[in-house]
Structures are given as C-alpha cells and as structure tokens.
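Take a look at the structure set out below.
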Amino acid sequence: MASRFNPFKADGHWQKIWEEQGVFNAPPASDPRPKSYILEMFPYPSGRIHMGHVRNYTMGDVLARYKAMTGHAVLHPMGWDSFGMPAENAAMEKKVHPGAWTRQNIEAMKKQLKRLGLAIDWSRELSTCEPDYYGHEQALFLDFYKAGLVYRKESEVNWDPVDMTVLANEQVIDGRGWRSGALVERKKLNQWFLKITDFAEELLEGLEGLEHWPEKVKLMQENWIGKSKGLRCTFNLVGSHDGIDVFTTRPDTLYGASFVAIAADHPLAQSLAENAPALQDFIAECKRGGTTAAELETAEKMGFNTGISVEHPLDSNWHLPVYVANFVLMDYGTGAVFGCPAHDQRDLDFARKYDLPVTRVVADGDKEDSAFYGDVAYTGPGKIVNSHWMNGLSVDEAKADVIAKAEHEGWGVGQPQYRLRDWGVSRQRYWGTPIPIIHCEFCGVLPVPRTQLPVKLPEDVSFDIPGNPLDRHPTWKHVKCPNCQEPAIRETDTLDTFADSSWYFIRFASQPDDKPFDKEEAEAWLPVGQYIGGIEHAILHLLYARFWTRALQKVGKLDFAEPFAALFTQGMVTHETYKSSAGAWLSPEEIKFEGDKAFTLDGAPVERGRIEKMSKSKKNVVDPDPMFDQYGADAVRWFMLSDSPPERDLEWSESGIEGTWRFVNRVWRLVDGLENAEGEDKALDKSLHRAIAGIAADIEALHFNKAVAKVHGLVNDIEKAAPSASRTTAIRTLPLLVAPMLPHLAEEAWVALGNKSLIAGQPWPSHDPALLVDDEVTIAVQVMGKLRDTLTVAKGSPKDALEALALASEKVQRSMDGASPKKIIVVPDRLVNIVI
RNA sequence: GCGGACGUGGCGAAACCGGUAGACGCAACAGACUUAAAAUCUGUCGCCCUUUGGGCGUGCGGGUUCAAGUCCCGCCGUCCGCACCA
C-alpha cells in the first residue's frame, strides 16, 4: 500500500476547495483577533511569472499561513502594477492595444500564480490600469493639489526628435534614443511635481523608527535624501549691490578660498552670456556630453573666467575671480561654490589647471605652511591655520564659529541642504493615469471637478505615428472649462507609475466604490505588518510610498506616517550561464553534461559562465510551469525555502529540485505508513516539541532555511524511531508543521489521517516548554583551551562536581602529563577548562 | 572616490551573549534490496599523520582572553549602492 504523493491530483483539488470556501479571504476589519497584513510587492504583468516571483510569493505565503494558524486575522492580497512602458512598446511592435496586452498577461500570470497554491484573498485583487483604481488616484492627486503639494515648473527632459517622445534615462543609450538611435536632445517642458522635499527631514528622521527594516535599505534612503549641514552665504560683486549666493559644508576653510565658480545654468552666467559669445560657446560646451557616471568621472574640469570679481565675506578688500565651471551643478545647493583648493580635490584640480592660488588652512599633522604642494588635497581633520581669528580651532569648532559670525553679521545662515529633489510625475505617455487637470486660456490651470472623475483613458488610440496618442487624439483633450464653460484643453501628461504603487497597499485594505479608501478600515489593517520584495526597490518605490503616506496624513486622510512596519528584501534566483564557442548565450535545455564539462545536444563544447540573476537576455531562465508539471507546487515551494538564507541569492539546480521532491515523498510515506502503537518514546517527544517551538521561531524570524532544516531533523528522528504512541503523535503532528510550506501535501495528509476539516484552518500545535529542557547535558572538557574529552552529566551539576569529574578523566590526565592545574574555569552545563 | 555587506568542507549552509566548528541539505563513495534499473534503506564523507591516538583548520597577518568563526587593529578578495553633492 506504499504510495506516492500525487501532486498532479492534489494541487488542483485543494486549490479549488480553498477558493470555493474562501478560506483565505480576509475577515472584516472589525475582527477582534490581532491583525496581520502580509504583503509582497505586486508584480508588473510582463507576461510570465519568473522564479523570482515564485520565491517572493512563497515566502510571504508561508508567513501568511503561519499567522493564520497562530490566531491572527490575516490580510494577504495580490494585484497588478499594470501601467507602464512595456505595454506601449508591445503596442508598437505587435500592433495590440496596451490594455488588451496587459489584461491578457494578467490572466496568464494569475493562472500561474494560482498553481503555486498561494493563500491569497483574490476577492481584493486590483489592477492599477483600471479606472476603478486610477480614478481614486486622481482624487488623491487633487487632494494633494489642493493642499499645495503639487506644482508645475519648467524642467528638462530627454527628447527623441525622431520618435517625438520623451525618454526615461534608461532609454538613453550612449546619448541616443534606444529605439530610433537618434541623438537625444534636452528639451524644456512644463511638468508636474510632487513636493517630496517638504518631507525630506521627516523622511530622514522616520528611518530611525523603522526597527524592522534592513539597515542597508535605510542607509540607501539616507544617502538618497543626502542631508548635509553647512553655510549659505553671499559673496558681493565688486562694484555692485548684487551678490552670488554660495552653499558650503566647509565654512571653516573660508580663508583658503581662491575663486568662486557658478554653474553654466546659473542666472548670472546666462545674463553675462548675452553679450559674450565666447561664454555662450563655453556654456554650450558644458551642456554637451552625457550625464552618465562614466562620462562625468572622466570629464575634465573646465572653467571660463568671467572677468568679474567678488568680495570675500570676511574681508571686503580681498577680491576673488568668478568662473563658470562645468563641475558645478545648478540643481544642488545654490548653483555656486567657493573653491578652497587645498582641502577639496575638485577645487585643487581646477586651481592647478587655471593657476589659481592654493592656501593651506587646515594643518595636516605638523604641516602648517600656507604654501600647499602637490596634486592631492588634504581633506582630513586638523587644526585651523593661516586663518586669522580662527587659528588653532578644530574643523568642527571653526564651522560653528563661522556660521555664528555670519548669522550675527547678516551675510549668511547655517542651513541643512538635501540632495533629494522634488518628484517629477509627468510622463508624456498614453499608458498611465491621466493627470486630472484642465488648462483654460482664460481661467488658467484648473482641477477636474470631482464629479467628473475618473478621467478615463480613451480606448481608440493608435501607435502608428510617433508622439503621445493622448495629445493627438481627435476629441479626448477638448473639454469645456469647468469655470467659464469656454473650450479648454485637458492635461495630456500621465502620472509616473510609481504613483500607482505608492498607495496600492492602502486600497487592498479598504475598497469602497465612492472614495479611495475608508480611513477607519485602512487604519485597522495598516501599517503593513510584513512587506517583502526585491532590493531593487530599496530607494524609489519605498521612498515614494513613505512620502505618499505622509502626504495623506497631512491632508487628513490617514493617521499614520509609515506604511511598512517591517521590510524584508529577498535575494535573487540565479542560474549558471552558458555560451557556445561562437559566443551566443545558450539556455539550460540546450545543454548536456559529461562530468564537469558541458556540451550542446549536438556535442559541441560549451563554455560555462558565471552564476547570474535569471534573465531572458542571458537565456538562463527556468520557467516555473514545467517545474509544477514535473514536481508539483510543494516541491518547488520547498526548494525556494531550502538551504539559502532568504536574503541571499538562491541558485536554481536540477539536483536541488529533485532532492526536494524526494523529501516531499518521505513525509508522505511516514503519514501513509502510520500505525497506531503503544508506549512512550521520551527522546522523540523532545524532538517533536523542540521542532514545534523551533520551526515557529524560525518562520517568525523569516529564517525559512532553518525551519526547513528543523523539519528535516524531525523527519529523520521519526524515521529512526521504533513504533510507539509518541511516534504516532509525531506523525499526526507533522502535517501541521509543514502546512505553511507544503500546503497541498499537508491537506492530503490531514485527510489521510482521518481528519474531516481543512488543515488550513487548524491552529499551530502547542509545545510543552518542559520538554525543551534537557535533563542531561554534554560538557566539553578542555585542557589549555583544547578539547580533550566530553562528559555527560545531569543538568545543573554543581561546579565542584564537574571539576572533579573532569580531573578524573583518563584523557584529561594523559594530556596534562602530570602537571598540576593552575586554574580551572567551569561554565555550568557547558564546559570545564583546565589551565596548567 | 564615498558608503555598505560579505569571506566557514567538493557545493548551499548552521553555530544564541566569546564556551565541543561544520547541524540540515546537495553532490560523491561503499554496501543492502532487485534479473536489472529507478525508487528506497544502511553507512562514510574538512585536511594531514606514525590512526584505540595526535596535529592542523572558519580569506591573510597580528592582538585581547582561561577560551575567538564570533571582539579589536592592519591587509587581501568578492559583491552591492551612490557619485563633479560644494
């Protein structure tokens, strides 16, 4: 009667029952049990589920199922981040409508996800490209507009002159449009912005309270916000009442200044250029060249001497030249800097090139000379020198003193500066949320009246000709001004898709028809108890979502600031790569192995490459569907949880998945071969109760690999144990312990054991704390810190007894070789160390 | 350049507050069962030696300690993020 677990029957069978009974539908927000909102980052419907999704959703699923078993009201939803460029690209390439393409993909991926057997409340499924989602987003946008969190300003975009379209930075390759190959131009457009910078300080401070976020992510956000403290001060133009505003983090080096440099876009540079063709040329030169990291790094410092001078703020008789320089950025600080070459590498490079003075003002050890030699700036700490009244101060003291003096004398203020810039949300694209704004010639910029929401995307659009389909649609943009009723024009920009993902987690918790969400209901579930996703969203998505939540709080829609109480970033799923001798990538199905060497199916040699993230371009992708066909959902799930710690990368391997398949069957055989027996097996009881407690702790800590190891340990112990009542109990308990990870097998086993109800509704087994404590312990006996023997003694044996036992050991005596102990260290229940 | 993480058997990894390094799995090897194979079961599995014992061993070099994978200092390597940020 020995049988094999048949996942091909069991998977579909149980998935259907779960769905019919709505087992995983979240209870109402009024449910008195503690709430547990488990969320994985929702997918973009690209067409196929990949192994990264499988890993991500399996982890969340284990947690959600476990939380349900431990008495929580669980919300575990799923949706689709379904606006975005790939749909428009598909529309252009395949002549399909972006909506049709997207919805088809959603259907296909949903089917794949369901095969995984996820404990998801599908009744709350949402898709951001549908008006019943984005219409509410438009309402929120108008709330922000009303609260002054939205504004419009001219801003530069990458413009493809052939495709007549705006390009994202990642679509610009070597300065050319990725599709057309045309040289990209910079173009100024009026664009919408959200005032995330209003929240810069809050977003930074809020990080401290996020105890359950990875340090790494918090650090990345901190760097992105990029706060620096410094002095903003004015350098007066010689012979004029105007001045140049400068920001510096090194006011202590003010006496080492030798020039002032302004950005090419600086208003002063622009006005000077009007009558100076040479400067115009220089500014044009600065604007050429890419903005990529590599180009910037190699770009040489260039300056243009404007011929004008400014007064040093600490000494009006001291005049400094003003340059326009390519390394000064208009959008950071004030777009102007003073150069202190001795203590800033960039300034030093510039000063050496244009032969400007270099004066040391911070002592480098005992080097205090004002003359500075060499091409390496000194940026370390030291006492201030050659700086009049500041001499002898430390760098920090000098900074504080200069700021105090500037504020007292009125020529500068100490202020923080942030790297973070406002969030430009305008996209000149079709497949996104229409920005609900109307432009009237007479009344100006007006919000769309609430009663007219949602502003729906027109379905009848074409992608045959370049440009924004919304802009050239014959009727869509023509509306009446809500104010004066004269003809007016709709905004044809759509919102950045990051806006869609900035509040979806709130809509999951509460989905009324007439508003984005209900405050009370949302607050009952949120913040998300555990958010799980890829590290690639460490900055933008998570920062925008944090901002959006704070903005909602500011406009009174919600009463909490942080959307995600705990964050977990899982590692990637990787696979070895293969290349033919011609250098073409080969997929794993095109390879066979002979020993360590790989060959094509025709026998040609294959070069084995690095283990990399699965990607279509490298052809090292393993599709989940055939794995479900061959091994069933549970084996795939178990593999995803085994071995690698979840935050680390997981290498997919054929032997690995076979191993997990074997294990699933081992569990099944135990249950299948169960016989009722009598008698107690104390050791097995302990093993069981230890597993119950240990697996629970590991799942709660998201240490799935350790939980898996503990299940293995228990299964090994059960297999070795002789029949007993203890063994029968252990086998009856086992399905409960694997239920979060192997839900189909667990249901099947539960029935086989004679239970009537679903295992999904069962409580996690309780353990007896007394059984977690050993009454015997093994003690290490060391001589001079080296292990010589081990002793098994009763737990809590007194020190002197342990000492005596240790000294009596034959092995210990041999290794002491007649020497007498100088000192004996006894750590109760652990070890004895004899020092001779 | 700045910031961060990591480095343990053939491989993925465990190891709590410094207290028996290598749990658990994969691969490999030997054996049992079988006509045979698969499946399953039993066992071995860090390196070395003079093998009932002993030496060495957590990237390398030092230090603290009775005791270091774990703490401190200095290197080397790998990976990631940011970057002309004033």
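Order of the sequence lines sets the chain letters (A, B, ...), proteins ahead of strands, with each chain counted from 1.
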request  = Taking only the side-chain nitrogens and oxygens of A/Arg419, find out if one of them lies under 4.0 Å from OP1 or OP2 of B/rG3.
outcome  = no
ask   = Once you round it to whole Å, what is the distance between P of B/rG54 and NZ of A/Lys811?
value = 8 Å
ask   = Quick one: which of B/rG53, B/rU40, B/rC85 gets closest to the side chain of A/Arg814?
value = B/rG53
inquiry  = How many whole angstroms separate atom CG of A/Leu787 from atom C1' of B/rC66?
reply    = 15 Å
message = Using the P atom as the point on both nucleotides, what is the distance between B/rC45 and B/rA13, in whole Å?
response = 23 Å
query = Which listed nucleotide (B/rA86, B/rG25, B/rU40) is nearest to the side chain of A/Arg669?
reply = B/rU40
inquiry  = Please give the distance between the P atoms of B/rU44 and B/rG25 as a whole number of Å.
reply    = 13 Å
note = B/S/- along nucleotides 4-15 of chain B (protein heavy atoms under 4.0 Å) is S-------BSSS
query = Given the C1' atoms of B/rC66 and B/rC75, what is the spacing between them in whole Å?
reply = 29 Å
request  = State the pairing partner of B/rA15; accept Watson-Crick or G-U wobble contacts with both distances under 3.5 Å, and report none otherwise.
outcome  = none
ask   = Would you call the rings of A/His537 and A/His541 parallel, tilted or perpendicular if under 30° counts as parallel and over 60° as perpendicular?
value = perpendicular
query = What does A/Arg421 touch in the nucleic acid at a heavy-atom separation under 4.0 angstrom: a base, only the sugar-phosphate, or nothing?
reply = nothing
task = In whole angstrom, give the distance that lies between atom CZ of A/Arg666 and atom P of B/rU40.
result = 9 Å
ask   = What residues form a side chain to side chain donor-acceptor pair (under 3.5 Å) with A/Ser687, not counting sequence neighbours?
value = A/Asp717
remark   = Note: for A/Arg346 and A/Ile825 on RNA chain B, the residue whose nearest nucleotide lies more 5' is A/Ile825
query = Given the C1' atoms of B/rC17 and B/rU65, what is the spacing between them in whole Å?
reply = 16 Å
ask   = Within this structure, what is the CG-to-P distance between A/Leu831 and B/rU65, rounded to whole angstrom?
value = 19 Å
inquiry  = Quick check on B/rG10: syn or anti? Syn means the glycosidic torsion is within 90 degrees of zero.
reply    = anti
query = Of all the choices, B/rC84, B/rC24, B/rA86, which nucleotide is nearest to the side chain of A/Phe247 once you look at every atom?
reply = B/rA86
note = RNA chain B nearest-nucleotide lookup for A/Ser655 and A/Val777: closer to the 5′ end is A/Val777
Parallel, tilted or perpendicular, as decided by the 30° and 60° cut-offs, for the rings of A/Trp668 and A/Phe5 = tilted
Between P of B/rC79 and CD of A/Glu536, the distance in whole Å = 19 Å
Value in whole Å for how far the P atom of B/rG53 lies from CD of A/Glu810 = 10 Å
inquiry  = When you measure from the side-chain N and O atoms of A/Asn716 to the phosphate of B/rG25, is any distance below 4.0 Å, counting only OP1 and OP2?
reply    = yes
ask   = Please give, in whole Å, the distance from B/rG19 P to A/Gln782 CD?
value = 11 Å
request  = Could you tell me whether A/Val827 contacts a base, only the sugar-phosphate backbone, or nothing, with contacts defined as non-hydrogen atoms closer than 4.0 Å?
outcome  = base
request  = Have a look at A/Val711 and say if it touches a base, only the backbone sugar-phosphate, or nothing, with a 4.0 Å heavy-atom cut-off.
outcome  = nothing
query = Under 4.0 angstrom, heavy atoms only, what part of the nucleic acid is A/Lys786 near: base, sugar-phosphate, or nothing?
reply = sugar-phosphate
Closest approach of A/Asp347 to A/Cys340 (non-hydrogen atoms, all atoms of both residues) = OD2-N, 3.0 Å
request  = Please state the P separation for the pair B/rC47 and B/rC33 - nearest whole angstrom.
outcome  = 30 Å
query = Would you call the rings of A/His343 and A/Phe372 parallel, tilted or perpendicular, where under 30° means parallel and over 60° means perpendicular?
reply = perpendicular
query = Rounded to whole angstrom units, what separation is found between the NZ atom of A/Lys229 and the P atom of B/rA86?
reply = 14 Å
Would you tabulate the side-chain donor-acceptor contacts of residues 641-650 of chain A under 3.5 Å, counting partners in other chains and residues two or more places apart, or write 'none'?
from: A/Ser642; atom 1: OG; to: A/Trp638; atom 2: O; distance (Å): 2.6
from: A/Ser644; atom 1: OG; to: A/Asp649; atom 2: O; distance (Å): 3.2
from: A/Asp649; atom 1: OD1; to: A/Met572; atom 2: N; distance (Å): 2.9

ask   = What nucleic acid atoms does A/Thr778 come within less than 4.0 Å of, heavy atoms only: base, sugar-phosphate, or nothing?
value = base
message = Please verify the inter-ring angle class for A/Phe304 with A/Phe282; under 30° counts as parallel, over 60° as perpendicular, anything in between as tilted.
response = tilted
request  = Assess whether one donor atom and one acceptor atom, taken from the side chain of A/Lys822 and the base of B/rC66, lie less than 3.5 Å apart.
outcome  = no
Distance between C1' atoms of B/rG12 and B/rG3 (Å, rounded) = 29 Å
query = How far, in whole Å, is B/rC24 from B/rC79 if one measures between their P atoms?
reply = 33 Å
ask   = Considering only the C1' atoms, how many Å lie between B/rC80 and B/rC29, rounded to the nearest integer?
value = 39 Å
query = Taking the six-membered ring for Trp, are A/Phe259 and A/Phe338 ring centroids under 6.0 Å apart?
reply = no
task = Output yes when at least one side-chain N/O atom of A/Arg662 is less than 4.0 Å from OP1 or OP2 of B/rC26, else no.
result = yes
request  = Return the nucleotide paired to B/rU51: Watson-Crick means purine N1 to pyrimidine N3 with N6-O4 or O6-N4, wobble means G-U with N1-O2 and O6-N3, both under 3.5 Å.
outcome  = none
ask   = Under a 3.5 Å cut-off for both distances, is B/rA23 Watson-Crick or wobble paired, and to whom?
value = none
note = The Watson-Crick or G-U wobble partner of B/rU42, with both key distances under 3.5 Å, is B/rA30
query = Do you see a donor-acceptor pair shorter than 3.5 Å between the side chains of A/Arg546 and A/Gln221?
reply = yes
task = Both distances under 3.5 Å, Watson-Crick or G-U wobble: report the partner of B/rG3, or none.
result = B/rC80
A/Trp652/A/Phe639 aromatic ring centres below 6.0 Å = yes
ask   = Taking O4'-C1'-N9-C4 for purines and O4'-C1'-N1-C2 for pyrimidines, is B/rC29 syn (within 90° of 0) or anti?
value = anti
